[in-house]
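To start, the structure itself, in structure tokens.
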Amino acid sequence: MSLLKAKLASQIPNLRERVRNLGKNHGTKLISEVTVEQVLGGMRGVKSLVCDTSEVGLDTGLIIRGIPILELTNKLPEEVLWLMLTGELPNDAESKDLQEELKKRSEVPEYIWSLLKAFPKDAHPMSILTSLINALEHESKFRREYDKGMHKDIYWEFALEDSLDLIAKIPVIAAAIYRVRFVKGEIIKPNPDLDWGANFAYMIGVNDNVNEWYKLMRMYMVLHCDHESGNVSAFTSHVVGSALSDAYYSLAAGLNGLAGPLHGLANQECLKFVLELLNHFGKLPGDEELKKYASERLAKGLVIPGYGHAVLRVTDPRFTASIEFGKSHIPNDERFVIVEKLFNIVPQILIEQGKAKDPWPNVDAATGALLYHYGVKEFEYYTVIFGVSRSLGICSQLILSRATGEPITRPKSITTSWLEKAVLN
Ligand code: CMX
């Protein structure tokens with residue numbers, strides 16, 4: 001048994017007991033009320049989901065199991081996966097064991113490569129990624145066990161099996177999507193001497209003469225790994241998983257949501273915006289030029305990508321981490337300079353416009369400039385990288401949901417007429 005499985009096996013009975021006690025002893029206690037505005041406004045702020053892997057404070061940003069994300073940027077993604085699942089950072093032996101476990105599971109079946117090569121040349125990389133994850137569902141151990149008649153007490157064990165298989169294979173598949181879709185040459189096999197994040201960086205095929213690309217990818221994988229469970233991708237995976245659809249179906253469903261421009265696709269949109277600016281001005285624009293351009297964009301009814309957030313009301317600490325990386329490694333890169341300039345200009349413009357509740361940059365505002373600098377210039381690919389990282393959090397949430405025996409999700413919907421009548425009473 002892997003050390004991670006053994007650790008979870010020792011923790012899960014207690015977690016189950018806590019959840020059971022809450023339901024049994026405090027089931028009718030009121031913890032949240034719902035206003036009409038919330039019903040019409042995407043359920044903002046309605047406390048109706050449990051997520052133990054991470055929490056997001058309005059003014060703190062992402063906190064993983066009590067540790068602010070900025071304190072985790074030097075950890076390996078595997079260590080953060082362990083943290084999300086168990087609530088503790090792993091020791092060296094535990095970290096090594098998890099790495100070995102992932103390496104053992106990283107081989108991708110041949111049919112995935114045939115499918116990859118069959119996509120239209122201009123297929124969106126996110127559509128390829130989610131299709132291939134759905135195809136990989138063929139490997140699901142959870143579904144096979146369920147078909148045989150699996151006791152609900154061990155659902156989590158097979159959710160863990162599928163999740164580890166998936167997490168091991170996703171970087172290999174995602175890197176291959178880059179190689180094939182953007183005609184970069186042969187698919188690169190994993191290097192058994194590298195850790196999970198660096199291996200993904202290696203398989204993309206970017207030369208890392210200065211040892212910065214691997215470092216960036218490890219940090220990127222940590223920064224994007226989770227953001228509690230109410231965001232579109234995690235929530236979608238959660239709902240699909242609650243029907244006992246396995247990790248493959250659930251993750252693919254969630255990543256389809258990540259592919260939306262108001263969610264993960266924003267990081268592609270951000271770099272597109274930066275490149276548009278350079279192209280439009282033919283040089284590094286001045287502050288006044290940027291202000292005018294951004295205001296005109298708003299006047300056309302378009303959003304400024306990378307700014308605003310449904311939950312946060314401060315500069316996203318994940319943006320801060322990316323900016324710090326850029327300042328230390330690529331301070332003179334034109335695209336990075338524009339990202340910094342936008343940070344000084346856009347919040348004020350959004351405040352003056354008075355619509356966005358959060359005028360500050362989110363996670364997506366800076367990463368594109370970093371990826372571009374190291375040679376991944378195809379911005380349509382950026383959300384795939386986000387998806388590789390987010391698989392860590394989504395799968396962790398899924399395992400814990402199966403461990404606590406969460407039932408099928410089924411909120412109550414109402415009609416517009418019902419609402420109209422309700423507000424009159
Ligand atoms: N540019 C222009 N307008 C914006 C804006 C932005 N960056 N952010 C919010 N607004 C507008 C909204 O479109 C909305 O306008 P209407 O009232 O005309 O519909 C108004 O301000 C109020 O929106 P909000 O309550 O502040 O924001 P929401 O919670 O509805 O949406 C988000 C949050 C992220 C979708 C929104 O800020 C946005 O569209 N940002 C740009 C896209 C982006 O960067 N997305 C990435 C988010 C992080 C991630 O998930 O990866």
Side-chain angles (χ1 to χ4, degrees), residues 35 37-46 51 54 56 58-59 61-62 69 126 220-237 254-274 276-277 290-291 293-323 339 342-371 379 381-394:
T35 62
E37 189 182 33
Q38 287 172 309
V39 171
L40 299 178
M43 300 188 276
R44 293 287 183 292
V46 181
C51 172
S54 68
V56 179
L58 287 182
D59 52 359
L62 174 61
I69 189 66
M126 277 304 279
Y220 186 112
M221 292 295 145
V222 168
L223 292 182
H224 292 72
C225 70
D226 204 36
H227 218 228
E228 57 171 59
S229 72
N231 63 78
V232 168
S233 48
F235 183 51
T236 305
S237 291
L255 295 187
N256 277 320
L258 194 75
L262 296 188
H263 190 19
L265 204 79
N267 64 7
Q268 118 167 18
E269 296 298 303
C270 288
L271 189 78
K272 199 164 136 199
F273 181 47
V274 168
E276 245 172 55
L277 282 166
L290 277 180
K291 271 185 203 161
Y293 195 90
S295 302
E296 282 170 6
R297 192 180 158 97
L298 287 182
K300 284 186 211 152
L302 302 174
V303 296
I304 309 284
Y307 283 77
H309 201 272
V311 175
L312 288 176
R313 295 295 175 259
V314 285
T315 293
D316 191 327
R318 300 170 300 172
F319 171 83
T320 307
S322 303
I323 286 287
V339 167
L342 287 172
F343 181 35
N344 292 326
I345 284 168
V346 172
Q348 191 52 37
I349 292 177
L350 287 174
I351 290 168
E352 279 162 21
Q353 192 207 29
K355 286 206 319 188
K357 295 190 188 69
D358 171 40
W360 305 109
N362 61 54
V363 64
D364 296 319
T367 45
L370 303 178
L371 297 171
F379 52 75
Y381 183 69
Y382 291 175
T383 311
V384 171
I385 308 182
F386 192 158
V388 172
S389 166
R390 194 46 71 88
S391 69
L392 299 173
I394 286 180

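All heavy atoms count here, side chains included; hydrogens, waters and symmetry mates do not. Computed from a prediction, not measured in an experiment: that's the story for all the values here. Whatever order the structure lists them in is the order used to number ligands and atoms, beginning at 1.
Between the choices Lys355, Lys357, His227, Arg318, the shortest heavy-atom distance to atom 16 (P) of ligand 1 belongs to Lys355. Among Leu312, Ile304, Thr383, the residue whose heavy atom lies closest to atom 6 (C) of ligand 1 is Ile304. Closest heavy-atom approach to atom 43 (C) of ligand 1 among the candidates Ser233, Gly264, Ala266: Ala266. Atom 3 (N) of ligand 1 has its nearest heavy-atom neighbour, among Val303, Ile349, Asp358, in Val303.
With hydrogens and angles ignored, the 3.5 Å screen pairs a side-chain donor or acceptor of Glu228 with a backbone N or O of Val56. A distance-only check finds a donor-acceptor pair linking the side chain of Ser389 to the backbone of Cys225 [under 3.5 Å].
Counting protein heavy atoms only, atom 5 (C) of ligand 1 is closest to Ala356 CB, 4.0 Å. From the protein, the heavy atom lying nearest to atom 50 (O) of ligand 1 is His263 ND1, 2.6 Å. The protein heavy atom nearest to atom 51 (O) of ligand 1 is Asp364 OD2, 2.7 Å. In this structure, the protein non-hydrogen atom closest to atom 45 (N) of ligand 1 is Leu262 O, 3.0 Å. Atom 27 (O) of ligand 1 has its closest protein heavy atom at His309 O, 4.6 Å. For atom 40 (N) of ligand 1, the closest non-hydrogen atom of the protein is Tyr307 O, 2.9 Å. Protein heavy atom closest to atom 30 (O) of ligand 1, with residue, atom name and distance, is Arg44 NH2, 3.2 Å.
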Please walk me through it: do Ser233 and His263 pass side-chain hydrogen bond (donor to acceptor under 3.5 Å, both in side chains)?
-> CA-CA 8 Å; Ser233 48; His263 190 19; 2.9 Å; yes
Given the rule in the side-chain hydrogen bond (donor to acceptor under 3.5 Å, both in side chains) test, do Asn256 and Thr236 qualify, once you have shown the distances and angles that lead to the verdict?
-> CA-CA 9 Å; Asn256 277 320; Thr236 305; over 6 Å; no
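Within a 4.0 Å radius of atom 32 (C) of ligand 1, the protein has no heavy atom. Protein non-hydrogen atoms do not reach within 4.0 Å of atom 14 (C) of ligand 1.
The distance from atom CG of Leu312 to atom NZ of Lys357, rounded to the nearest 0.5 Å, is 14.0 Å.
Backbone and side-chain nitrogen or oxygen atoms of Pro305 are examined, and none is located within less than 3.5 angstrom of a nitrogen or oxygen of ligand 1. In terms of polar-atom proximity, defined here as any N/O pair under 3.5 Å, Gly306 does make such a contact with ligand 1. Between Leu350 and ligand 1, no pair of N/O atoms sits closer than 3.5 Å.
A cation-pi arrangement is present between Arg297 and Phe273, with the terminal nitrogen or guanidinium carbon under 6.0 Å from the aromatic centre and inside a 45° cone about the axis.
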